[in-house]
Amino acid sequence: MPQSSSVNSQDLLSNLDGPDPVDLETGLPLIVCQSCKDVRLIALTSTRQNSCGKRFFKCPRNKEKDPTSCRSYYFQADYETLLRGIGKIGLPRETTPARTQSLHSLAQTRTPDASLPEQIDDIRKKIIELSGRVSTLSTQGSLTTVLISCILTMVFLVASIVAILAALVYFVVANK
């Protein structure tokens, strides 16, 4: 499963005593694996269909489909809970009424793009046009195939007739 990482693999094994490196996408610290105790977790982005785009954190020794490998694997929310539990990050901020109100007003100021249905219709028309072109090309391809087959058949027939005539001429000349 291809994923994107934000940590140099050399940093995973070195610098375990210093400050925790930070995942650039989430801002969360990359801690030492709680099971292995000698390697840092890595941050990756899932490319699987059911979790595509979600950030997760795992031990580099966690190997997919290998039950003997390290089992440390956390999606972001679970990882944040782990970090809070071991004191690496503080408690989540409470949403204040002022913050809620500003978020609510921001949501209300965003109006859907009025031209979106028109853009969808334009795209639909282009798809229909392209599918018509494709069927025309496949029909032309079929006609070309039939034409080439006819020409090759005619060439074969002419070659056969020439061979028969050559054999007849040989027999006539040989019997004289």
Side-chain angles (χ1 to χ4, degrees), residues 1-139 141:
M1 161 170 56
Q3 300 111 355
S4 61
S5 177
S6 64
V7 178
N8 183 341
S9 60
Q10 193 62 25
D11 294 339
L12 298 173
L13 300 173
S14 62
N15 197 15
L16 293 176
D17 298 327
D20 295 323
V22 174
D23 174 36
L24 299 177
E25 286 191 35
T26 62
L28 296 173
L30 299 171
I31 62 171
V32 174
C33 175
Q34 301 292 293
S35 299
C36 297
K37 309 271 191 235
D38 65 343
V39 64
R40 290 193 182 278
L41 298 182
I42 57 174
L44 303 165
T45 300
S46 176
T47 57
R48 289 190 174 176
Q49 185 175 3
N50 62 346
S51 60
C52 188
K54 286 188 177 180
R55 200 73 171 155
F56 68 94
F57 302 81
K58 73 172 202 142
C59 178
R61 293 185 180 131
N62 176 304
K63 304 296 180 206
E64 190 173 5
K65 297 180 183 175
D66 180 0
T68 63
S69 70
C70 179
R71 304 312 312 148
S72 295
Y73 181 97
Y74 313 93
F75 276 106
Q76 185 172 340
D78 297 328
Y79 186 62
E80 289 176 5
T81 301
L82 169 69
L83 293 174
R84 278 188 211 91
I86 61 173
K88 291 288 184 175
I89 62 172
L91 295 174
R93 295 182 299 193
E94 288 187 29
T95 306
T96 62
R99 181 174 165 83
T100 304
Q101 185 177 12
S102 67
L103 289 174
H104 183 67
S105 64
L106 177 63
Q108 286 183 344
T109 59
R110 291 188 143 193
T111 57
D113 189 356
S115 67
L116 191 58
E118 294 161 2
Q119 291 173 353
I120 292 171
D121 284 340
D122 288 343
I123 291 171
R124 186 177 296 129
K125 288 175 186 173
K126 287 178 183 176
I127 289 172
I128 292 169
E129 178 187 340
L130 287 174
S131 66
R133 287 183 184 177
V134 167
S135 72
T136 301
L137 288 175
S138 69
T139 303

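When reading the values below, keep in mind they use all heavy atoms of this one structure, side chains included, and skip hydrogens, waters and symmetry mates.
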Restricting to side chain to side chain donor-acceptor pair (under 3.5 Å), what partner residues turn up for [X], sequence neighbours left out?
{"X": "Asp20", "result": "Arg40, Lys88"}
{"X": "Thr81", "result": "none"}
{"X": "Gln34", "result": "none"}

Heavy atoms, side chains only, cut-off 4.5 Å: are Asp23 and Arg55 in contact?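 Yes. Closest side-chain heavy atoms under 4.5 Å.
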
Are Phe57 and Leu82 close enough that some pair of their side-chain heavy atoms sits under 4.5 Å apart?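 No, side chains not in contact.
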
How many angstroms lie between atom CG of Leu44 and atom CD of Glu25, to the nearest 0.5 angstrom?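 Going from CG on Leu44 over to CD on Glu25, the span is 10.0 Å.
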
Working to the nearest 0.5 angstrom, can you tell me the gap between Ile86 CD1 and Ile31 CD1?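 Reported to 0.5 Å precision, the distance equals 3.5 Å.
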
Heavy-atom closest pair, residues [X] and [Y]:
{"X": "Cys59", "Y": "Val39", "value": "SG-CG1, 3.8 Å"}
{"X": "Tyr79", "Y": "Leu30", "value": "OH-CA, 3.5 Å"}
{"X": "Pro60", "Y": "Leu41", "value": "CD-CA, 4.4 Å"}
{"X": "Phe56", "Y": "Thr45", "value": "CE2-C, 3.9 Å"}
{"X": "Phe75", "Y": "Lys54", "value": "CE2-CB, 3.9 Å"}

Salt bridge (charged side-chain N to carboxylate O under 4.0 Å, His left out) partners of residues 66-78, not counting sequence neighbours, each pair once: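 For residues 66-78, and leaving out neighbouring residues, there are no salt bridge (charged side-chain N to carboxylate O under 4.0 Å, His left out) pairs at all.
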
Could you check Cys33 against Cys70 for side chain to side chain contact (heavy atoms under 4.5 Å, CB included), going step by step and ending with a plain yes or no? CA-CA 9 Å; Cys33 175; Cys70 179; 3.6 Å; yes

